[in-house]
Asker: 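This is the structure, below, for whatever I ask next.
Heavy atoms only: backbone and side chains are in, while hydrogens, waters and symmetry mates are out. Since we're looking at a predicted model, the values are computed, not measured.
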Amino acid sequence: MTKRTNRRDFLGRTAAAGAVGVGYWTGTSPVLKAQESALQGLSAACIGVGGKGGSDTSHIAENGVNIAALCDIDGDTVNKKAREFPDAEKFSDFREMLDKVGDKIDIVTVSTPDHTHAAAAVRAMRMKKHVYCQKPLTWSIGEARLMRETAEQMGVVTQMGNQGTSEDGLRTAVEVIQSGAIGDVSEVHVWSNRPVWPQGQGRPEGEDPIPENLNWDAWIGPAPMRPFKKGVYHSFNWRGWVDFGTGALGDMACHTTNMPVMALKLWDPVAVTAVKNPGIFEGETYPASSALLFEFPEREGLPACQFYWYDGGELPREDLINKLPKRFQERIAKQREGGRKTSGALVVGSKGMVFSANDYGAQFDILPEDDFADYKYPDPWLPRIPFKAGNDQRQKWEFVSTIKGEYEPGTMSNFGYAGRLTETILVGNLALRAGEGKRIEWDAKNLKSTNVPEVNQFVAREYRSGWEL
């Protein structure tokens with residue numbers, strides 16, 4: 001972008017489009033409901049309360065929200081969290097929980113494996129509950145579209161848990177790029193140290209006894225039923241399995257691509273190619289490493305752009321690595337020698353580059369460093385969250401304060417924005433289904449490939465009986 005975008009224009013376009021950057025509530029119903037709830041005190045029901053879900057629950061409570069119900073398929077997990085919230089009702093199936101306490105709550109948090117996000121969040125939004133949902137927003141592209149449409153229809157406040165969006169540094173980086181400091185951007189390169197869980201393997205044979213305190217049926221949720229195997233799916237390794245997770249791309253791209261996607265409006269790719277693609281192993285798990293190329297056309301005055309994604313140790317080409325600050329070149333050299341894998345996001349412009357080794361895009365360098373030694377940052381036009389704490393806490397404050405009607409700019413990673421981000425990212429997983437080097441032409445409006453129709457079956461899924469949306 002060569003002309004500066006002012007805050008008023010940016011926010012106005014977002015409200016009109018439903019998701020181009022920062023959410024800004026213009027209607028009256030969410031605000032009126034929020035003010036009414038604020039007078040009575042807000043209550044939440046939390047789905048998935050272990051690990052990340054445990055901190056999500058606690059952070060919501062820290063903002064003065066009463067935790068009325070806790071749900072987790074693991075009885076040990078929900079009992080542990082109940083020690084922090086002894087008055088909360090306990091459940092192992094979110095359907096039962098929402099049916100029972102739906103009239104007593106204002107907020108629902110969803111911190112489950114990817115494949116149950118939409119099943120829980122859409123149900124909650126249709127009950128007119130405000131929803132905080134972990135990233136990636138959904139397991140499938142079709143669910144991402146449904147989530148943002150439902151949020152808009154129901155007029156609820158929403159937020160996806162890519163907490164870096166709340167960082168001042170990410171918002172500054174977006175302003176730097178949109179101000180034209182590095183010129184026209186034609187390439188973006190993002191690489192990740194993920195996966196850190198098993199991928200590239202087939203389904204194990206046999207089954208193990210289901211632990212007495214584990215609701216395996218509810219864990220499987222809308223996915224096809226399969227036998228329980230201890231330590232294979234629950235509680236963490238589900239990310240690598242295509243029925244439950246979205247792989248390295250789904251896990252980290254909502255963080256690591258967030259800054260360039262927001263800055264450059266990288267929505268609706270016209271084509272995606274798996275440049276390196278060992279394939280979906282036996283139809284069960286994502287490959288151990290991959291490299292993808294997304295193609296974006298000209299959009300809103302911005303030039304066409306190519307976005308490259310790398311995971312499992314894959315890296316951008318050598319001439320780009322050589323332009324990074326020496327300290328990062330040294331880290332990458334160690335990676336090549338078998339050391340710890342690195343992450344990074346590099347935005348390549350005609351006048352310079354923005355590089356972030358921070359997964360959230362919150363710390364960044366403008367390159368070449370000598371050329372930008374005296375660079376003056378543009379005056380801020382994106383809102384800043386007036387709450388100093390960790391990014392997780394800041395994002396929960398933004399969410400709850402928006403519900404209360406106390407924070408006018410609204411949630412930046414609302415489902416309008418987050419839904420489009422997730423749609424963009426998950427098209428990459430279609431390329432992994434198609435095979436190495438096969439260019440998928442993508443019709444984003446109609447959510448289908450026009451030249452590789454066999455991948456269209458993976459845009460959405462048929463839900464298991466009882467779990468339909």
Asker: Under the criterion ring pair (Phe, Tyr, Trp, His ring centres under 6.0 Å), I'd like the reasoning laid out for W267 against Y417: C-alpha separation, chi angles, the key distance, then a yes or no.
Answerer: CA-CA 10 Å; W267 318 123; Y417 171 82; 5.4 Å; yes
Asker: Say you draw a straight line from CD1 of I47 to CE of M97; how long is it, rounded to the nearest 0.5 Å?
Answerer: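 Going from the CD1 atom of I47 to the CE atom of M97 covers 4.0 Å.
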Asker: Between D311 (side chain only) and P195 (backbone N and O only), is there a donor and an acceptor less than 3.5 Å apart?
Answerer: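 No; judged by distance alone, with no hydrogens or angles, the pair does not exist.
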Asker: Which salt bridge (Lys or Arg N to Asp or Glu O under 4.0 Å) pairs, counting each pair once, include a residue from residues 155-167, with sequence neighbours left out?
Answerer: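 Found none.
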Asker: F296 vs F294 aromatic rings, parallel, tilted or perpendicular, using cut-offs 30° and 60°?
Answerer: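 F296 and F294: parallel rings.
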Asker: For K80, I'd like to know if atom NZ has over 12 heavy atoms of other residues, nucleotides or ligands within 6.0 Å.
Answerer: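 Check fails, neighbour count at 12 or below.
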Asker: Between E282 and R203, is there a side-chain N and carboxylate O pair less than 4.0 Å apart?
Answerer: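 Result for this pair is no, no salt bridge flagged.
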Asker: So does L426 get a backbone contact from the side chain of N429, meaning a donor-acceptor N/O pair under 3.5 Å?
Answerer: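 Between the backbone of L426 and the side chain of N429 there is no qualifying donor-acceptor contact (under 3.5 Å).
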Asker: Would you check if the side chain of E468 reaches a backbone N or O of G466 as a donor-acceptor pair within less than 3.5 Å?
Answerer: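 It does hold such a pair.
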Asker: Mind checking whether R464 and D217 have side chains closer than 4.5 Å, heavy atoms only?
Answerer: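 R464 reaches D217 side chain to side chain.
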Asker: Can a side-chain donor-acceptor contact be found between S166 and E398 if the only test is distance below 3.5 angstrom?
Answerer: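 Per modelled atom types, E398 and S166 side chains form no pair under 3.5 Å.
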Asker: Say you draw a straight line from CD1 of I425 to OG1 of T257; how long is it, rounded to the nearest 0.5 Å?
Answerer: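 Answer rounded to 0.5 Å: 4.0 Å.
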Asker: Show your working on side chain to side chain contact (heavy atoms under 4.5 Å, CB included) between V156 and F415 and close with a plain yes or no.
Answerer: CA-CA 10 Å; V156 292; F415 288 179; over 6 Å; no
Asker: Any chance you could measure W219, atom CH2, to T116, atom OG1, to the nearest 0.5 Å?
Answerer: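 If I round to the nearest 0.5 Å, the distance is 8.5 Å.
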Asker: Check whether any side-chain N or O of Q159 sits under 3.5 Å from a backbone N or O of K396 as a donor-acceptor pair, and report yes or no.
Answerer: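 Not a single qualifying donor-acceptor pair exists.
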Asker: Just so I know, are the side chains of W191 and L315 near enough to count as touching, which here means a heavy-atom distance under 4.5 Å?
Answerer: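 With C-beta onward as the side chain, the pair touches.
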Asker: I want to check something: taking the side chain as every heavy atom from C-beta on, are N414 and V157 in contact at a cut-off of under 4.5 Å?
Answerer: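 The answer is no; the side chains never approach within 4.5 Å.
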Asker: Whether the side chain of E423 engages the backbone of I141 through a donor-acceptor N/O pair (distance < 3.5 Å, no angle test) should be reported.
Answerer: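 Here the side-chain-to-backbone pair does not exist.
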Asker: Does F94 reach the side chain of V108, with side-chain heavy atoms less than 4.5 Å apart?
Answerer: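 F94 does not reach V108 side chain to side chain.
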Asker: Once you round to the nearest 0.5 Å, how far does CD of Q335 lie from OG of S343?
Answerer: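 Going from CD on Q335 over to OG on S343, the span is 8.5 Å.
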Asker: Considering the options Y233, F244, W139, which one meets the ring pair (Phe, Tyr, Trp, His ring centres under 6.0 Å) requirement together with H115?
Answerer: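 Only match with H115 under ring pair (Phe, Tyr, Trp, His ring centres under 6.0 Å): F244.
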Asker: May I ask you to say whether K388 pairs ionically with D168, meaning some side-chain N is under 4.0 Å from a carboxylate O?
Answerer: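 Yes, K388 and D168 are salt-bridged.
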Asker: Can you check whether L266's main-chain N or O pairs, donor with acceptor, with T424's side chain at less than 3.5 Å?
Answerer: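 Checked: pair present.
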Asker: Is there side-chain contact between S192 and W309, with heavy atoms separated by less than 4.5 Å?
Answerer: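 A side-chain contact under 4.5 Å exists here.
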Asker: Check whether any side-chain heavy atom of R145 sits under 4.5 Å from a side-chain heavy atom of T138, and report yes or no.
Answerer: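 Not touching, per the 4.5 Å side-chain cut-off.
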Asker: Please determine whether side chain to side chain donor-acceptor pair (under 3.5 Å) holds for the pair T172 and R384, giving the CA-CA distance in whole Å, both sets of side-chain angles, and the decisive distance to 0.1 Å.
Answerer: CA-CA 10 Å; T172 300; R384 301 299 195 264; 3.2 Å; yes
Asker: CG/L170 to CD/Q363 distance, rounded to the nearest 0.5 angstrom?
Answerer: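 It is 10.5 Å, given to the nearest 0.5 Å.
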Asker: Please test W238 against W241 for ring pair (Phe, Tyr, Trp, His ring centres under 6.0 Å), starting from the C-alpha separation and ending with a verdict.
Answerer: CA-CA 5 Å; W238 54 267; W241 297 90; over 10 Å; no
Asker: Using a 3.5 Å distance criterion without hydrogens, assess whether the side chain of R171 forms a donor-acceptor pair with backbone atoms of T165.
Answerer: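 Indeed, once roles are kept as given, a pair shorter than 3.5 Å links the two residues.
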Asker: If you compare all heavy atoms of A118 against all heavy atoms of M147, which two are closest, and at what distance to 0.1 Å?
Answerer: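 Answer, listing the atom of A118 first, then M147: CA-SD, 4.0 Å.
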Asker: Give the intermediate values and the outcome of side chain to side chain contact (heavy atoms under 4.5 Å, CB included) for residues F328 and F355.
Answerer: CA-CA 10 Å; F328 295 109; F355 168 68; 3.3 Å; yes
Asker: Looking at D114 and P136, what are the two nearest heavy atoms and their distance?
Answerer: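 Nearest heavy atoms, D114 then P136: OD1-CD, 3.4 Å.
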Asker: If every non-hydrogen atom of G142 is compared with every non-hydrogen atom of L447, which pair is closest and at what distance?
Answerer: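 Heavy atoms only, the tightest pair is CA-CD1, 4.2 Å.
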Asker: Quick one, T158 with C133, criterion side chain to side chain contact (heavy atoms under 4.5 Å, CB included). Give me CA distance, side-chain angles, the key distance, then yes/no.
Answerer: CA-CA 8 Å; T158 57; C133 183; over 6 Å; no
Asker: Does CD belonging to E462 count more than 12 external heavy atoms closer than 6.0 Å?
Answerer: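 Open.
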Asker: If every non-hydrogen atom of S290 is compared with every non-hydrogen atom of L432, which pair is closest and at what distance?
Answerer: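 That would be CB-CD2, 3.8 Å.
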Asker: Search all heavy atoms of G428 against all heavy atoms of V272 and return the closest pair with its distance.
Answerer: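 Taking every non-hydrogen atom into account, CA-CG1, 4.0 Å.
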Asker: Quick check on K448: does its NZ atom have over 12 non-hydrogen neighbours (other residues, nucleotides or ligands) under 6.0 Å away?
Answerer: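 Count not over threshold, so no.
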Asker: If you apply the rule side chain to side chain contact (heavy atoms under 4.5 Å, CB included), what do you find for R420 with K265, and how did you get there?
Answerer: CA-CA 10 Å; R420 297 196 75 180; K265 302 177 176 62; over 6 Å; no
Asker: Tell me, do N215 and F91 make a side-chain contact under 4.5 Å, heavy atoms counted?
Answerer: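 Counting from C-beta outward, N215 and F91 never come under 4.5 Å.
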Asker: Can you tell me how far apart CG (N162) and CG (N258) are? Round to the nearest 0.5 Å.
Answerer: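 CG of N258 is found 4.5 Å from CG of N162.
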Asker: Between D72 and K81, does any side-chain N to carboxylate O distance fall below 4.0 Å?
Answerer: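 K81 and D72: not salt-bridged.
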Asker: Determine, for K135 against D251, whether the closest basic-nitrogen to carboxylate-oxygen distance falls under 4.0 angstrom.
Answerer: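 Yes, K135 and D251 are salt-bridged.
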Asker: Check whether any side-chain N or O of Q199 sits under 3.5 Å from a backbone N or O of P287 as a donor-acceptor pair, and report yes or no.
Answerer: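 Side chain of Q199 to backbone of P287, a donor-acceptor pair under 3.5 Å: yes, one is there.
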Asker: Within the side chain of H255, is there an N or O that forms a donor-acceptor pair under 3.5 Å with the backbone of D359?
Answerer: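 It does not hold such a pair.
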Asker: Answer yes if the side chains of Q395 and S413 hold a donor-acceptor pair under 3.5 Å, and no otherwise.
Answerer: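 Not at all, the side chains of Q395 and S413 share no donor-acceptor pair under 3.5 Å.
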Asker: Answer yes or no: is there a side-chain heavy-atom contact under 4.5 Å between H117 and L137?
Answerer: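 The answer is no; the side chains never approach within 4.5 Å.
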Asker: Do we see a donor-acceptor contact under 3.5 Å between the side chains of S43 and D106?
Answerer: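 Absent: no donor and acceptor within the cut-off.
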Asker: So which atom in A218 and which in S92 form the shortest heavy-atom distance, rounded to 0.1 Å?
Answerer: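 Smallest heavy-atom distance, with atoms named: CB-O, 3.6 Å.
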Asker: Do the side chain of R148 and the main chain of L146 share a donor and acceptor less than 3.5 angstrom apart?
Answerer: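 Between the backbone of L146 and the side chain of R148 there is no qualifying donor-acceptor contact (under 3.5 Å).
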Asker: Taking atom CZ as the centre, does R327 end up with more than 12 heavy-atom neighbours from other residues, nucleotides or ligands that are less than 6.0 angstrom away?
Answerer: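 For R327, atom CZ is crowded (more than 12 foreign heavy atoms under 6.0 Å).
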